Amino acid sequence: LVLIFKGSGSYAQKHLNELVGNAIMLLMPISIFFYVLIFNKKYNHLSGNIIGFYPHKFIKNIVLGITLALVILLIAFIVASILFGVQFEFTAIKPDLGKSLLGLIMTNIIIGVWEESYFRGLVLNTLLKNNFGFHISLLISSLLFSILHWGSFNMAETSYFSYIGIVFLGYIFAILYIY
């Protein structure tokens, strides 16, 4: 599903119409979300509420997630500034900020929805349901999550510790999902 939507969306963005390509890209996380719900219901015998998709708590969870992300970023800025002497320079708002910000938000929502739906909603639940054990299930889903991100690294500029960090991050995301 990912390859079909990504390929056809990218093609449409470049060769047809950017808006059509964006619409196709937006269908990707929506279709994966429903695929995960159907797969979990049919094979893992889990309802959407059991796997953490609560429609009645959607807005509350979005606000909580954004707030938590902002707090973590603030702490990271403070730690980087105090411990490592990193200087941050805040510049004036640029005229095209709205379009750039909307694109960034949409991209992160699209990526976040399909990655979390797939790796935590489907892979992790399937492993847990098939008695792989708690930590083994978390580790396998984290390794698969990190393999997806392997192409994001230019190993000439990055160390393998960055990759290990993605495995660790996937493990933390899995723990948060379970919680």
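Numbers here are sequence positions counted from 1. None of the values given here were measured: they were computed from a predicted structure. Hydrogens, waters and symmetry mates play no part in the numbers below; they use all other heavy atoms, side chains included.
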Under 4.5 Å between any side-chain heavy atoms of [X] and [Y], yes or no?
| X | Y | answer |
| --- | --- | --- |
| L128 | F132 | no |
| I136 | L127 | no |
| S141 | V123 | yes |

Would you mind writing out the side-chain donor-acceptor pairs for residues 26-39 within the sub-3.5 Å range, not counting sequence neighbours?
residue, atom, partner, partner atom, Å
S31, OG, L27, O, 3.1
S31, OG, M28, O, 2.9

Shared hydrophobic cluster for [X] and [Y] (ILVMFWY, side-chain gaps under 4.5 Å):
| X | Y | result |
| --- | --- | --- |
| I147 | V167 | yes |
| Y43 | L144 | yes |
| L68 | I75 | no |
| L83 | V71 | yes |

Measure up the F145 and F119 rings against each other and bin them: parallel (under 30°), tilted (30 to 60°), perpendicular (over 60°).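 Ring orientation of F145 relative to F119: perpendicular.
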Return the [atom1] to [atom2] distance between [X] and [Y], rounded to the nearest 0.5 Å.
| X | Y | atom1 | atom2 | value |
| --- | --- | --- | --- | --- |
| S142 | R120 | OG | CZ | 6.5 Å |
| I72 | T67 | CD1 | OG1 | 11.0 Å |
| I175 | Y171 | CD1 | OH | 5.0 Å |

How far apart are the C-alpha atoms of E115 and F173, what are their side-chain angles, what is the distance that settles it, and do they pass the side chain to side chain contact (heavy atoms under 4.5 Å, CB included) test? CA-CA 11 Å; E115 282 184 0; F173 285 162; over 6 Å; no
What are the two closest non-hydrogen atoms of [X] and [Y], and how far apart are they?
| X | Y | result |
| --- | --- | --- |
| K129 | N44 | CE-O, 2.8 Å |
| N125 | G121 | ND2-O, 2.8 Å |
| A12 | I24 | CB-CD1, 4.0 Å |
| S137 | G133 | OG-O, 2.7 Å |

Please give the remaining members of the hydrophobic cluster of Y11, linking ILVMFWY side chains under 4.5 Å, ordered by chain and number.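 Traced through the cluster, Y11 reaches L16.
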Does F134 CZ have over 12 foreign heavy atoms under 6.0 Å away? yes
For S8, give me all partners under side-chain hydrogen bond (donor to acceptor under 3.5 Å, both in side chains), at least two apart in sequence or on another chain.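 side-chain hydrogen bond (donor to acceptor under 3.5 Å, both in side chains) list for S8, sorted by chain: empty.
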Looking only at atom types and distance, does a side-chain atom of S146 sit under 3.5 Å from a main-chain N or O of L143, one as donor and one as acceptor? yes
